[in-house]
Amino acid sequence: MNSLIQLNAVERHYHLGGETVRALDGVSCSIAQGEYVAIMGKSGSGKSTLMNIIGCLDTPTGGNYQLAERGVETLDDDELAQLRNDVLGFVFQSFNLLPRLDAVDNVALPLIYREGEQRTTPPERRTLAKAALERVGLGDRGDHLPNQLSGGQRQRVAIARALVNQPKVLLADEPTGNLDSKTSKEIMALFDQLAEAGTTVVLVTHEDDVADHAHRVVELRDGRILRDQTTRNGSA
């Protein structure tokens with residue numbers, strides 16, 4: 001399998017009050033096309049910093065990071081934004097839906113930023129958004145506003161929005177953090193289905209039962225990789 005994500009001795013340092021904080025301290029890791037990976041760690045372990053770097057929301061202060069064979073540190077802000085839109089889909093704990101837009105228009109938002117031959121018209125965007133909602137089981141909720149949807153439905157809308165551009169990598173940051181246990185299981189079952197269909201899934205979590213769904217777990221402590229191992233799902 002080709003490596004979609006390649007981190008080589010990645011460092012991320014912050015200067016606070018005259019002291020240097022090493023959020024990431026020489027992290028090397030690769031994630032291949034089609035892998036289902038959970039990134040774990042306690043608060044302060046560096047897992048959120050690692051997710052931000054993988055998602056091109058932050059850049060390393062040392063080492064190098066390649067996403068889809070492009071050196072991230074060589075790109076300017078516009079190129080980074082385009083890479084994020086072309087390669088990555090994001091799912092957040094807090095859903096991040098726009099309250100005045102219905103589900104279809106929320107899902108269609110990433111399509112607005114397509115450029116060149118990939119540019120779409122408003123009718124095309126709505127068609128693609130409706131298809132993404134169908135994929136997550138919400139084809140009959142397209143005209144609903146976020147406040148008319150349950151927490152689980154809002155997260156499904158967020159997942160559809162992440163999928164609408166057919167990204168190579170789906171990044172999920174604590175995707176069940178705001179959900180009850182029953183709804184969490186339903187959302188994780190959806191991630192399982194997406195992974196089985198070939199989507200590369202990388203999720204950040206501190207919950208063992210969520211990480212158990214992944215095929216591989218990368219655990220951080222003090223900015224370093226403590227363990228990187230295949231789970232029982234990955235070895236089956």
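When reading the values below, keep in mind they use all heavy atoms of this one structure, side chains included, and skip hydrogens, waters and symmetry mates. We're numbering straight along the sequence, starting at 1.
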Can you confirm whether L67 sits close enough to R70 that some side-chain heavy atom of one is under 4.5 Å from a side-chain heavy atom of the other? no
Hey, is CD on E69 packed in by over 12 heavy atoms from elsewhere, all under 6.0 Å? no
Minimum heavy-atom separation for T20 and H13, please, with both atom names. CG2-CB, 3.9 Å
Run the numbers on Y14 and T49 for side chain to side chain contact (heavy atoms under 4.5 Å, CB included), then give the verdict. CA-CA 11 Å; Y14 300 95; T49 301; 3.9 Å; yes
Minimum-distance pair of heavy atoms, taken over all atoms of A68 and K168: CB-NZ, 4.4 Å
Between the main-chain N or O of Q93 and the side-chain N or O of N178, is there a donor-acceptor pair closer than 3.5 Å? yes
Would you confirm whether T183, through its side chain, and D180, through its main-chain N or O, come within 3.5 Å as a donor-acceptor pair? no
Measure the spacing between CG of L83 and SG of C56 and express it to the nearest 0.5 Å. 5.0 Å
Check whether R135 reaches the backbone of A160 with its side chain - one donor and one acceptor, N or O, closer than 3.5 Å. no
Student check: side-chain heavy atoms of H215 and E35 closer than 4.5 Å: no
How long is the span from the CG atom in L75 to the CZ atom in R84, to the nearest 0.5 Å? 10.0 Å
Does any N or O in the side chain of D102 come within less than 3.5 Å of the main-chain N or O of V104, such that one atom is a donor and the other an acceptor? yes
Would a hydrophobic clustering, with Ile, Leu, Val, Met, Phe, Trp and Tyr connected at side-chain separations under 4.5 Å, put L98 with I112? yes
Neighbour count >12 (heavy atoms, 6.0 Å) for atom CG, N147: yes
Just verifying a value: how many Å separate K42 NZ and R221 CZ, rounded to the nearest 0.5 Å? 6.5 Å
Flag the pair V91 / D173 as yes when at least one side-chain heavy-atom distance between them is below 4.5 Å, and no otherwise. no
Dump the intermediate steps for side chain to side chain contact (heavy atoms under 4.5 Å, CB included) on L226 and M40, then the final yes or no. CA-CA 10 Å; L226 179 65; M40 296 193 72; over 6 Å; no
Could you tell me which non-hydrogen atom of D209 sits nearest to which non-hydrogen atom of H213, and how far apart they are? O-CD2, 3.1 Å
R12 side chain reached by D58 side chain, heavy atoms, under 4.5 Å: yes
Approximate separation, where rounding is to 0.5 Å, of L170 CG and T199 OG1: 7.0 Å
Roughly how far apart are S45 OG and I225 CD1, rounded to 0.5 Å? 11.5 Å
Taking the side chain as C-beta and beyond, is there a heavy-atom pair between E11 and P60 under 4.5 Å? no
Is it true that a side-chain atom of S28 and a backbone atom of N8 form a donor plus acceptor pair closer than 3.5 Å? no
How far apart are the C-alpha atoms of D105 and R100, what are their side-chain angles, what is the distance that settles it, and do they pass the salt bridge (charged side-chain N to carboxylate O under 4.0 Å, His left out) test? CA-CA 9 Å; D105 285 337; R100 295 185 180 181; over 6 Å; no
Let me see the working for T176 and E207 under side chain to side chain contact (heavy atoms under 4.5 Å, CB included), right down to the final yes or no. CA-CA 9 Å; T176 62; E207 301 179 54; 3.7 Å; yes
Going by heavy atoms in the side chains, are L203 and M188 under 4.5 Å from each other? yes
Following the transitive rule for hydrophobic clusters with a side-chain heavy-atom cut-off under 4.5 Å over Ile, Leu, Val, Met, Phe, Trp and Tyr, establish whether L194 and L88 coincide in one cluster. no
Could you state whether L57 and I39 fall into the same hydrophobic cluster, counting links through intermediate Ile, Leu, Val, Met, Phe, Trp or Tyr residues with side-chain heavy atoms under 4.5 angstrom apart? yes
For the backbone of A214 and the side chain of T231, can you confirm whether one donor and one acceptor N or O come within less than 3.5 Å of each other? yes
Between Q82 and D86, does any side-chain donor sit less than 3.5 Å from a side-chain acceptor? yes
Of all the heavy-atom pairs spanning P99 and P146, show the shortest one and how long it is. O-CD, 3.6 Å
Between F191 and A172, what is the shortest heavy-atom contact and its length? CZ-CB, 3.8 Å
Electrostatic pair K130:E134 at N-O distance under 4.0 angstrom: no
Where is the tightest heavy-atom contact between C29 and D228, given as atom of each residue plus distance? SG-OD2, 4.3 Å
Is there a continuous path of hydrophobic side-chain contacts, each under 4.5 Å between heavy atoms, that joins F90 to V107? no
So, does Q148 use its side chain to make a donor-acceptor pair with the main chain of L145 at under 3.5 Å? yes
Does Q155 reach the main-chain N or O of P175 with its side chain, forming a donor-acceptor pair under 3.5 Å? yes
Quick check on the hydrophobic clustering: are L163 and Y36 connected, directly or via other members, by side-chain heavy-atom contacts under 4.5 Å? yes
Counting only N and O atoms by type, is there a donor-acceptor contact under 3.5 Å from the side chain of R156 to the main-chain atoms of V136? yes
Using side-chain heavy atoms (C-beta onward) and a distance below 4.5 Å, is V87 in contact with P167? no
Pair H144-Q153, side-chain hydrogen bond (donor to acceptor under 3.5 Å, both in side chains): steps then yes or no: CA-CA 10 Å; H144 286 53; Q153 289 171 333; over 6 Å; no
Side chains of R154 and R141: does their closest heavy-atom pair fall under 4.5 Å? no
Would you sort out whether T59 and I53 count as a side chain to side chain contact (heavy atoms under 4.5 Å, CB included), showing the intermediate values? CA-CA 6 Å; T59 53; I53 286 177; over 6 Å; no
How many angstroms lie between NE2 in H15 and OG1 in T61, if you round to the nearest 0.5 Å? 7.5 Å
Residue from I31, L50, N64 passing side-chain contact (heavy atoms from CB on, under 4.5 Å) with L7: L50
Any donor-acceptor N/O pair, Y65 side chain to E73 backbone, under 3.5 Å: no
